[in-house]
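Order of the sequence lines fixes the chain letters, A, B, ..., with proteins taken first and strands second; residue numbering starts at 1 for each chain.
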Protein chains: 2
Amino acid sequence: MGVAQRRAREKDELRRKILGAAAELFLEEGYQNVSMRKIAERIEYAPSTIYLHFQDKVQLVGYLCTETFAELDRRLEDIMELGLSPLETLRKSLRAYIDFGREYPSHYIFVFCTPESLFKNIEKESCQAVYGCGMSSFERLKAGLAECMHAGVIREADLELTAQSTWLMIHGITAGLVTCTSFPFVDKELLIEHSLDRIVGSLQ
Amino acid sequence: MGVAQRRAREKDELRRKILGAAAELFLEEGYQNVSMRKIAERIEYAPSTIYLHFQDKVQLVGYLCTETFAELDRRLEDIMELGLSPLETLRKSLRAYIDFGREYPSHYIFVFCTPESLFKNIEKESCQAVYGCGMSSFERLKAGLAECMHAGVIREADLELTAQSTWLMIHGITAGLVTCTSFPFVDKELLIEHSLDRIVGSLQ
DNA sequence: CAGAATACTGAACAGTGTTCAGTAAATCAA
DNA sequence: TTGATTTACTGAACACTGTTCAGTATTCTG
């Protein structure tokens, strides 16, 4: 009975259409610009239809972020497979992280710069998906640092502490550049490389 | 004619009441929790009355942030006047910055972690007040770094570049700790001190 | 062809920031 | 003490927001 399969396919198609319309709005102006009614109008369905596919707005945008952060993960994986030295790999990974955030500011801001108070009356499940977005890339950072320690190219220290501290720093670079768009930063390329020099240097 | 003065005083009193009610709501749950109707109810006035004292919600919350960031400025000034060595002063200032952010998460997040797309249809004037909140403390950081360079306790380098890079890093510590409240950080005290070691160390 | 399952909608609820005509009170000039 | 004017304030409305749910219309099944 191919009916069930066709139905599932149609359901998935509509789901993708919703995600597509939401992605457009999200890319344009971030989370606040995504509205159920705007999505509904773009895909020519009633707003309530969206709730047959997603339990709330956070889950919907969360899916967009999960998908996009998977791209970061792929990039980090690609770097790992280049066969560079542990330190070069680490440095390239940190740089890729910053570049990713600057390429997808809406996603980065939503995942890492949104106060959790915004998720007050939201299903726990939806929120956890958002929190989880960056976890895999953090694990990669930790692994990269572990390799450097093992190779003896950075100082031996508590891995978790070192990883969290390092993440906080590159998060600062990324978040600062991405949210404070009207701050008169010096040449951003120079600023990033200088900061990476300091961050990596302070590991040695 | 004392009438005009009394009127001005009464106007200022109501203004302060509005700010007071807004401050409560802002402290509790951040910007999203501040609503004109909630404020109005607390002070027993109509919502529209608020607009006789503030041109929009951003300006209202912006005033709260300006006032609170002045407190950071005082703290940094106090540290400067302790007569410590340039490096100790710098370190204490960075620490005070992070502590401030953790003490006033709503203010810190609103000023530094809010995407500017949220201020789309808002009066420019209101937004500029928000952007300006942290400027004075950034200037102090720059001055502190200049003193260190002058004293020869940190490496000589482009001051603006060094200051921006340093700010991005402590911003990362602050913002990360304050927004990612459900991330399983290691002991935060240790994490902050370790990160400061690295940040200050990478200046030398 | 009747009945069950599925897909979808329209209207409503409760909230948001903001505007503005209109009212009520206080002050001033005659 | 009037009448005019200024000031303070409000209520209702506008245009949005996320979300829910009874009800309809369509499609598939036995």
Side-chain angles (χ1 to χ4, degrees), chain A residues 1-18 21-22 25-26 29-62 110 114 117-127 130, chain B residues 1-18 21-22 25-26 29-62 110 114 117-127 130:
Chain A
M1 204 89 349
V3 165
Q5 286 160 42
R6 200 208 64 215
R7 282 230 152 126
R9 198 186 59 230
E10 279 173 1
K11 189 151 190 159
D12 198 66
E13 271 170 26
L14 180 49
R15 195 190 131 92
R16 300 227 139 264
K17 274 178 94 172
I18 294 169
L25 294 162
F26 189 50
E29 300 268 11
Y31 183 74
Q32 295 292 337
N33 190 48
V34 180
S35 113
M36 300 314 232
R37 284 177 175 81
K38 283 188 201 165
I39 296 170
E41 206 190 1
R42 292 204 179 194
I43 62 173
E44 296 174 297
Y45 278 81
S48 46
T49 305
I50 301 168
Y51 288 89
L52 301 172
H53 295 83
F54 301 93
Q55 68 182 3
D56 50 45
K57 188 182 158 185
V58 170
Q59 191 188 59
L60 172 46
V61 177
F110 183 64
T114 304
S117 58
L118 209 133
F119 303 148
K120 226 196 327 180
N121 300 314
I122 306 290
E123 212 63 39
K124 239 185 186 173
E125 196 194 308
S126 307
C127 305
V130 176
Chain B
M1 204 88 351
V3 166
Q5 285 159 44
R6 202 208 61 214
R7 282 233 152 124
R9 200 186 58 230
E10 280 174 358
K11 188 150 189 159
D12 198 64
E13 271 169 27
L14 180 49
R15 193 191 133 93
R16 300 225 140 265
K17 274 178 92 172
I18 294 169
L25 295 161
F26 189 49
E29 300 268 12
Y31 183 74
Q32 295 292 335
N33 191 46
V34 181
S35 112
M36 301 314 233
R37 284 177 176 81
K38 283 187 200 167
I39 296 170
E41 206 189 2
R42 293 204 178 193
I43 62 172
E44 294 174 299
Y45 278 80
S48 46
T49 304
I50 301 169
Y51 288 90
L52 300 173
H53 295 82
F54 301 93
Q55 68 181 5
D56 50 46
K57 188 181 159 187
V58 170
Q59 192 189 56
L60 172 45
V61 176
F110 184 64
T114 303
S117 59
L118 210 134
F119 303 148
K120 225 195 329 178
N121 300 314
I122 307 287
E123 212 64 37
K124 239 184 186 173
E125 195 194 309
S126 308
C127 305
V130 177

Below 4.0 Å: OP1/OP2 of [N] and any side-chain N or O of [X]:
X: S48(A); N: dT9(C); value: no
X: K57(A); N: dT19(D); value: no
X: R37(B); N: dA14(C); value: no
X: S35(B); N: dG17(C); value: yes

Side-chain atoms of Y51(B) come closest, of dT18(C), dA26(C), dT10(D), to dT18(C)
Considering only heavy side-chain atoms of M36(B), the closest of dT9(C), dT19(D), dG17(C) is dG17(C)
Roughly how many Å is it from [atom1] in [X] to [atom2] in [N], rounded to a whole number?
X: K120(A); N: dG15(C); atom1: NZ; atom2: P; result: 12 Å
X: I18(B); N: dT18(C); atom1: CD1; atom2: P; result: 13 Å
X: L14(B); N: dT7(D); atom1: CG; atom2: P; result: 17 Å
X: L52(A); N: dC21(D); atom1: CG; atom2: P; result: 13 Å
X: I50(B); N: dG11(D); atom1: CD1; atom2: P; result: 13 Å
X: I39(A); N: dT19(D); atom1: CD1; atom2: P; result: 10 Å
X: H53(A); N: dT19(D); atom1: NE2; atom2: P; result: 16 Å
X: F54(B); N: dT19(C); atom1: CZ; atom2: C1'; result: 18 Å

*Just call it for D56(B): base, sugar-phosphate, or nothing, with non-hydrogen atoms closer than 4.0 Å on any strand.*
sugar-phosphate
Taking any heavy-atom pair under 4.0 Å as a contact, classify V58(A): base, sugar-phosphate, or nothing. nothing
Exercise for the section: Assess whether atom CD of Q55(A) is packed by more than 12 heavy atoms of other residues, nucleotides or ligands within 6.0 Å. Expected result: yes
F110(B) and Y31(B) aromatic ring geometry - parallel, tilted or perpendicular at 30°/60° bounds
parallel
May I ask you to decide whether K17(B) forms a salt bridge with E13(B), counting only side-chain N to carboxylate O separations under 4.0 Å?
-> no
